[in-house]
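Below you'll find the structure I mean.
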Amino acid sequence: MVEVSFDGLVGLTHFYGGLSYGNRASSTSKSTVSSPKQGALQGLKKAKALSDLGIPQGILPIHARPELSALRNLGFTGSDSQVIEKAFKEDPTLLSICFSSSFMWTANAATVAPSQDTLDGKVHLTSANLRAKPHRSIEHLFTYKSLNCVFPDREVFTVHPALELGEAFSDEGAANHTRFENPKTGEGLHFFVYGRKALDEEAIRPIKYPARQTLEASQAIARVNNLRPDLCYFVQQNPEVIDAGVFHNDVISVGCKNVFLYHEKSFVNTEAVIETINKKLGHNLIPIKVTSEQVSVEQAVKTYLFNSQLVSINDSEMALVAPENCKLCDSTRDFIDSMIKDPTNPVSKVLYFDLLQSMKNGGGPACLRLRVQLTKDQLLKVNQGCLLSSSKYDELTAWVSKHYRDELTLNDLRDPSLLLESRKALDELSNILNVQNLYSTN
Ligand code: SUG
């Protein structure tokens with residue numbers, strides 16, 4: 001099996017709306033000026049660098065924005081530009097919800113189950129409902145459509161719609177899911193991390209910030225994805241770290257195969273969790289623990305150390321793909337330097353990336369990608385237009401340079417020409433990615 005990273009493209013309307021309470025970067029950046037063009041180029045540069053390292057790389061199509069149907073659903077009427085103007089006048093937050101480019105964090109798009117771990121031997125992908133935040137809850141219908149276009153072969157891939165039944169089934173996708181692998185048997189271990197038990201009012205949960213993922217949702221995803229029940233393990237995130245700004249598990253831990261980089265405060269009873277993972281992996285886990293003394297939870301949230309990608313670069317070595325902030329902070333830089341020198345783990349290299357545009361909204365390297373484990377044959381069944389090659393990279397960067405704005409503020413969202421620019425750009429993108437039917441409304 002190979003692991004393909006499907007990155008999200010930063011959208012034409014990327015801006016700082018302060019829409020994600022509990023995600024500190026989002027709140028701090030509210031109303032600052034964004035650069036959609038820089039954001040998209042930064043993301044593509046990372047994807048290209050990983051592809052140059054030999055890691056197969058895909059691109060998931062951007063969503064059409066603004067999501068005018070959502071504004072119409074909220075009672076705004078008239079022509080498209082009238083709807084935009086009326087929403088802006090009545091409540092600019094409603095307008096920013098419908099313009100949000102948060103779909104770019106594809107770790108939240110879906111949860112993936114590779115064929116070797118499923119009961120029917122198919123690859124399953126379930127779109128995440130993202131119902132914890134209004135601006136993200138509008139993503140899943142398009143995500144479902146998009147995943148069907150990117151993974152079109154129904155003999156091989158089954159794409160599921162998002163979970164229904166309300167807030168008890170609030171799901172944030174792969175940001176709270178890790179597939180470990182036993183190196184001896186190749187067997188997977190699906191590690192689901194939830195923030196709260198929705199149907200048990202007595203159970204512990206954070207006090208200050210919302211816990212977005214529920215246990216009930218994680219369990220349902222495992223069932224829908226047809227995962228072998230013996231390969232699943234459900235664990236509660238430490239409510240204290242959610243209250244410190246860790247709104248997804250991928251802000252406090254990252255795993256790859258049998259390696260697990262985690263903060264000692266990540267889970268309720270972290271030590272017991274690590275022991276259980278080790279046991280389930282046939283005692284082959286390579287744990288890399290970060291103590292509070294080495295890096296505090298606050299520094300972890302600020303630098304996004306754990307939102308790095310951990311990737312295999314050959315049979316015996318891994319690389320950490322980290323945000324540049326980690327290089328600028330003494331504690332995280334020292335930690336990384338000592339980790340890559342330590343021969344007891346396979347992480348031998350670090351690559352730093354400037355992803356500031358995305359980071360300012362709480363999205364680091366790992367948020368920007370959805371991991372899909374595929375056999376070589378299954379990879380051939382993916383829509384080849386969505387795979388990144390050197391020439392595709394050139395086409396996409398030229399497309400960004402042509403269509404994206406250098407700067408965007410909340411006030412610019414009311415400009416009717418932004419809508420027209422976005423439509424024109426999507427028309428061209430659908431040819432570049434070979435997803436011609438994706439943006440039609442019928
Ligand atoms: O859902 N930020 C996203 C960041 C998602 C990060 N993803 C992972 N950790 N996998 C969120 O909070 C901010 C939008 C704004 O404020 O404009 C936002 O949606």
Side-chain angles (χ1 to χ4, degrees), residues 5-8 10-36 39 43 60 63 65-67 92-112 128-140 143 170-178 193 195 209-213 237 241-242 245-255 266 300-310 321 323 355-371 408-413:
S5 273
F6 282 86
D7 277 36
V10 173
L12 287 108
T13 63
H14 157 63
F15 65 92
Y16 301 118
L19 296 170
S20 277
Y21 180 67
N23 165 350
R24 293 209 165 147
S26 154
S27 305
T28 314
S29 305
K30 184 175 180 181
S31 301
T32 59
V33 181
S34 66
S35 172
L60 292 184
H63 295 208
R65 288 289 179 270
E67 184 52 277
T93 304
L94 298 182
L95 195 62
S96 56
I97 286 172
C98 297
F99 268 93
S100 169
S101 164
S102 293
F103 53 77
M104 65 207 228
W105 298 296
T106 52
N108 302 118
T111 309
V112 181
N129 60 32
L130 294 170
R131 52 164 300 125
K133 302 282 170 198
H135 70 289
R136 303 223 57 184
S137 69
I138 56 175
E139 291 173 29
H140 70 88
T143 299
S170 170
D171 170 35
E172 298 276 315
N176 294 318
H177 167 261
T178 307
V193 180
Y209 291 144
R212 300 196 199 179
Q213 182 86 31
Q237 199 176 354
V241 299
I242 297 180
V246 180
F247 58 98
H248 287 138
N249 174 59
D250 66 6
V251 179
I252 201 73
S253 75
V254 54
S266 300
V301 170
K302 273 203 181 126
T303 61
Y304 260 40
L305 167 65
F306 297 95
N307 203 260
S308 299
Q309 290 173 247
L310 201 49
V321 177
L355 294 165
L356 189 65
Q357 286 293 321
S358 166
M359 289 280 288
K360 279 184 67 184
N361 250 343
C367 299
L368 285 164
R369 61 92 176 92
L370 180 68
R371 305 158 100 173
L408 203 66
T409 61
L410 287 172
N411 202 36
D412 295 328
L413 302 181

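Just follow the structure's listing: the first ligand is 1, and inside any ligand the first atom is 1.
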Under a 4.0 Å heavy-atom cut-off, what residues line ligand 1?
Phe15, Tyr16, Gly17, Gly18, Leu19, Ser20, Asn23, Ser26, Ser102, Trp105, Ala107, Asn108, His135, Arg136, Ala175, Arg212, Phe247, His248, Asp250, Asn361, Gly362, Cys367
Non-neighbouring partners of Pro210 that pass side-chain contact (heavy atoms from CB on, under 4.5 Å), sequence neighbours left out
Tyr21, Lys133
Keeping the roles fixed (side chain from Ser266, backbone from Ile252), state whether a donor-acceptor pair exists under 3.5 Å.
yes
Per side-chain contact (heavy atoms from CB on, under 4.5 Å), Ile242 is matched among His248, Gln237, Gln213 by Gln237
Residues in side-chain contact (heavy atoms from CB on, under 4.5 Å) contact with Ile138, at least two apart in sequence or another chain
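Listed in chain order: Arg65, Glu67, Ala70.
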Sole candidate of Pro36, Ser101, Ser35 that passes side-chain contact (heavy atoms from CB on, under 4.5 Å) when paired with Leu408:
Pro36
Identify, with sequence neighbours excluded, every residue that meets side-chain contact (heavy atoms from CB on, under 4.5 Å) alongside Thr32.
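Counting only residues at least two positions away or on another chain, Thr32 forms a side-chain contact (heavy atoms from CB on, under 4.5 Å) with Tyr16, Ser29, Lys360.
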